[in-house]
Chemist: 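This structure is in structure tokens; I'll ask about it shortly.
The structure displayed is predicted, hence computed values, not measured ones.
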Amino acid sequence: MATLTEFFDSEAQRYLETLTDLLRGSTPNPDEVYRAARALRGSAQMAREDRVYRSALAFENGARAVAQGTLAWSDDIAGRVRGSIADVQRIIAGGDASDLDAVTRASVERWTSAGVEMPAGADAAAASGQKRDAVQEFRAFAAAEVDGISEALDRGVQALSAQPMDREALKTILRRQRALLGAARLDEIPVVAEILRAVEDLTRVIVKLDIGVKREWLDIFRVAREGLKAAGEPLRANQDPPPSNHVARLRHMREELLERYGTGEAVSAAGGPEQGIVQAKPMTEPPPPTATPIADASPIAYAAPMAAAAPTDEVVDVVSLQYSGAAALRRALELRADVETAVESNPDAREAVDELFDLLRLAQG
């Protein structure tokens, strides 16, 4: 069986080929460039390829800036993209550690010199060759996720303003935030946890009532989007996002919503109410000891803990017991290409595959 490193090398080459193909046109689709850069960074993070991870993280942040319009596509930006591709290829090829560290530092500088911000500590880690600690790792992951969720909320608000009964827009929002919402460490970032659970509550109410999205409900999505955007900068700086007016306003709007309509049913990203999905019922429990409390704030709503699975006499396929730990992860990477090929004509399914591997990365971390 191939090693995890070999799987990573194969997967990384596939993303680099995709990026090279995108650059063949005069003006490539910036969203596709960002998607490929993000996938490359995620693959490196999962495989613990630290130099590729840091180089790809800088590239991803630059590609996000282009996709969001902060940076305009130009010959200079195209050259930086090509340079990042060459950097990653050079790092993967291997060689002297000091030479590879120099390539990594130059790769990060390639984007910081264009005004692209990097998470605090990233340059120091590159210089020392040290990996980030678990808290910083999770904050960096959360920063990337809140950016993606805020983008999904923005697109969702536009779609729901035009078609208030558009359930696909709601499912897309749920799907996009599922990886971070399901993270075990989420309660260490109470501001973000409260925002995501407010979005989940609103979605349950809409499904329960089975009516079009009202204008005031769109305001909840808008406030959640702005709250997440405000949280992104502190997270990238390896800091806890402080309480904000967005969160205070969102809390008030959420309380009014639940008082008027109740909590609704749990909703899956795949469709309507489902059995077996844990409902995030309003609770007044304090945050876990590791969480930073929100000053002068009313209690945060936390998801009810998942009940332990009931004993079962169901026969377990012995093949399923052959995979554990690194072997299971290697098998997942082995299957990824086949899964992506099967869903390549379905944009929603492709996004779900990206999310699935985000979850696998969280599980391994």
Chemist: Would you kindly say whether D76 and S74 are connected by a side-chain donor-acceptor distance under 3.5 Å?
Modeler: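 No pair is found: no donor N or O on one side chain lies under 3.5 Å from an acceptor on the other.
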
Chemist: Is it the case that over 12 heavy atoms from other parts of the model lie below 6.0 angstrom from the CD atom of Q163?
Modeler: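 Not more than 12 within 6.0 Å, no.
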
Chemist: For P241 and V192, work out which heavy atoms get closest and say how close.
Modeler: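 So the two residues come closest at CG-CG2, 4.5 Å.
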
Chemist: So, are E200 and R204 salt-bridged, with charged N and O less than 4.0 Å apart?
Modeler: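 Looking at R204 together with E200, the answer is no, because their closest N to O distance does not fall below 4.0 Å.
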
Chemist: Side chains of D147 and R236, heavy atoms from C-beta outward: is any pair under 4.5 Å?
Modeler: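 Yes, their side chains come closer than 4.5 Å.
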
Chemist: Quick check for you: to the nearest 0.5 Å, what is the distance between E226 atom CD and N245 atom CG?
Modeler: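 If we round to the nearest 0.5 Å, E226:CD and N245:CG are 12.5 Å apart.
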
Chemist: Between I211 and L257, is there a shared hydrophobic cluster once you connect ILVMFWY residues whose side-chain heavy atoms come closer than 4.5 Å?
Modeler: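 In one cluster: yes.
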
Chemist: For R254 and R197: C-alpha separation, side-chain torsions, deciding distance, then whether side chain to side chain contact (heavy atoms under 4.5 Å, CB included) applies.
Modeler: CA-CA 10 Å; R254 176 186 173 278; R197 287 164 181 155; 5.6 Å; no

Chemist: How many angstroms lie between atom CG of L250 and atom CG of D219, to the nearest 0.5 angstrom?
Modeler: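 Answer for the CG-CG pair, L250 versus D219, is 11.0 Å.
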
Chemist: Which atom pair, heavy atoms only, marks the closest approach of I77 to A72?
Modeler: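 In terms of heavy atoms, the two residues are closest at CG1-O, 3.5 Å.
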
Chemist: Taking atom CG as the centre, does D75 end up with more than 12 heavy-atom neighbours from other residues, nucleotides or ligands that are less than 6.0 angstrom away?
Modeler: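 No, the 6.0 Å shell around CG holds no more than 12 heavy atoms from other groups.
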
Chemist: Hey, are R90 and D87 close enough for a salt bridge, meaning a charged N less than 4.0 Å from a carboxylate O?
Modeler: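 Salt bridge flag = no for D87 with R90.
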
Chemist: Examine distances only and state if a side-chain atom of T172 and a backbone atom of E168 form a donor-acceptor pair shorter than 3.5 Å.
Modeler: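 Present.
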
Chemist: Roughly how far apart are L180 CG and F138 CZ, rounded to 0.5 Å?
Modeler: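 Taking CG in L180 and CZ in F138, the distance rounds to 5.5 Å.
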
Chemist: How close do T18 and A36 get, heavy atom to heavy atom, and via which atoms?
Modeler: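 Closest pair (atom of T18, atom of A36, distance): CG2-CB, 4.4 Å.
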
Chemist: Looking at Q89, I want to see if its CD is surrounded by more than 12 non-hydrogen atoms of other residues, nucleotides or ligands under 6.0 Å.
Modeler: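 Buried by this count: over 12 neighbours within 6.0 Å.
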
Chemist: Take R35 and D31, measure what side chain to side chain contact (heavy atoms under 4.5 Å, CB included) needs, and give me the verdict at the end.
Modeler: CA-CA 6 Å; R35 181 187 293 275; D31 290 329; over 6 Å; no

Chemist: Within a strict 4.5 Å, meaning less than it, do heavy atoms of the L228 and E145 side chains meet?
Modeler: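 Side-chain contact under 4.5 Å: no.
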
Chemist: Taking the side chain as everything from C-beta on, heavy atoms only, tell me whether L160 gets closer than 4.5 Å to L170.
Modeler: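 Yes. Closest side-chain heavy atoms under 4.5 Å.
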
Chemist: Of the non-hydrogen atoms in R225 and S150, which two are nearest, and what is the gap between them?
Modeler: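 Looks like CG-O, 3.6 Å.
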
Chemist: Same cluster or not: are V88 and L100 linked, directly or through other Ile, Leu, Val, Met, Phe, Trp or Tyr residues, by side-chain heavy atoms under 4.5 angstrom apart?
Modeler: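 No, because V88 and L100 fall into different hydrophobic clusters, even though each may have its own neighbours under 4.5 Å.
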
Chemist: Students often mix this up, so state it plainly: with edges at 30° and 60°, are the rings of W111 and F59 parallel, tilted or perpendicular?
Modeler: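 Ring orientation of W111 relative to F59: parallel.
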
Chemist: Could you walk me through whether M253 and E256 pass side chain to side chain contact (heavy atoms under 4.5 Å, CB included), step by step?
Modeler: CA-CA 5 Å; M253 297 168 78; E256 285 191 341; 5.7 Å; no

Chemist: Heavy atoms, side chains only, cut-off 4.5 Å: are R249 and H246 in contact?
Modeler: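 Contact flag for R249/H246 side chains = no.
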
Chemist: Could you check whether any side-chain N or O of T20 sits under 3.5 Å from a backbone N or O of L16, counting only pairs where one atom can act as donor and the other as acceptor?
Modeler: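 Confirmed, T20 side chain pairs with L16 backbone.
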
Chemist: Within the structure provided, determine whether R64 and L71 are in side-chain contact (heavy-atom separation under 4.5 Å).
Modeler: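 Heavy-atom side-chain distance check fails, nothing below 4.5 Å.
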
Chemist: Please determine whether residues V108 and Y34 belong to a single hydrophobic cluster, defined as Ile, Leu, Val, Met, Phe, Trp and Tyr linked transitively by side-chain heavy-atom distances below 4.5 Å.
Modeler: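 V108 and Y34: separate clusters.
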
Chemist: Is a donor on one side and an acceptor on the other found under 3.5 Å between the side chain of R41 and the backbone of L57?
Modeler: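 Not confirmed, R41 side chain does not pair with L57 backbone.
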
Chemist: Applying the 4.5 Å side-chain criterion to the ILVMFWY set and letting contacts propagate, would L209 and V199 be lumped into a single cluster?
Modeler: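 Both belong to a single hydrophobic cluster.
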
Chemist: Distance only, no hydrogens: is a donor on one side chain within 3.5 Å (strictly under) of an acceptor on the other, for S113 and R80?
Modeler: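 Present: a donor and an acceptor within the cut-off.
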
Chemist: For A142 and I189, which heavy atoms make the closest approach, and how far apart are they?
Modeler: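 Where A142 meets I189 most closely, the heavy atoms are CB-CD1, 3.8 Å.
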
Chemist: Determine whether V66 and V33 make a side-chain contact, defined as any pair of heavy atoms from C-beta on separated by less than 4.5 Å.
Modeler: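 No, every pair of side-chain atoms sits at 4.5 Å or beyond.
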
Chemist: Is the shortest heavy-atom distance from the side chain of Q158 to the side chain of D154 under 4.5 Å?
Modeler: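 The answer is yes, as the side chains (C-beta and beyond) meet within the 4.5 Å cut-off.
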
Chemist: Quick check: closest heavy atoms across P234 and A231, and the distance to 0.1 Å?
Modeler: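 Scanning both residues completely, I find the closest heavy atoms to be CD-O, 3.2 Å.
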
Chemist: Walk me through it: do D201 and Y261 pass the test side chain to side chain contact (heavy atoms under 4.5 Å, CB included)?
Modeler: CA-CA 11 Å; D201 284 341; Y261 299 107; over 6 Å; no

Chemist: Starting at CE of M165, measure out to CD1 of I206 and round the result to the nearest 0.5 Å.
Modeler: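 If I round to the nearest 0.5 Å, the distance is 10.0 Å.
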
Chemist: Just how far is it from atom CZ of R222 to atom CD of E216, taken to the nearest 0.5 Å?
Modeler: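 The CD atom of E216 is 11.0 Å from CZ of R222, to the nearest 0.5 Å.
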
Chemist: Does some side-chain heavy atom of I85 sit less than 4.5 Å from a side-chain heavy atom of L23?
Modeler: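 Yes, side chains in contact.
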
Chemist: How long is the straight-line distance from CD of E151 back to CZ of R176, given to the nearest 0.5 Å?
Modeler: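 So the CZ of R176 and the CD of E151 are separated by 7.5 Å.
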
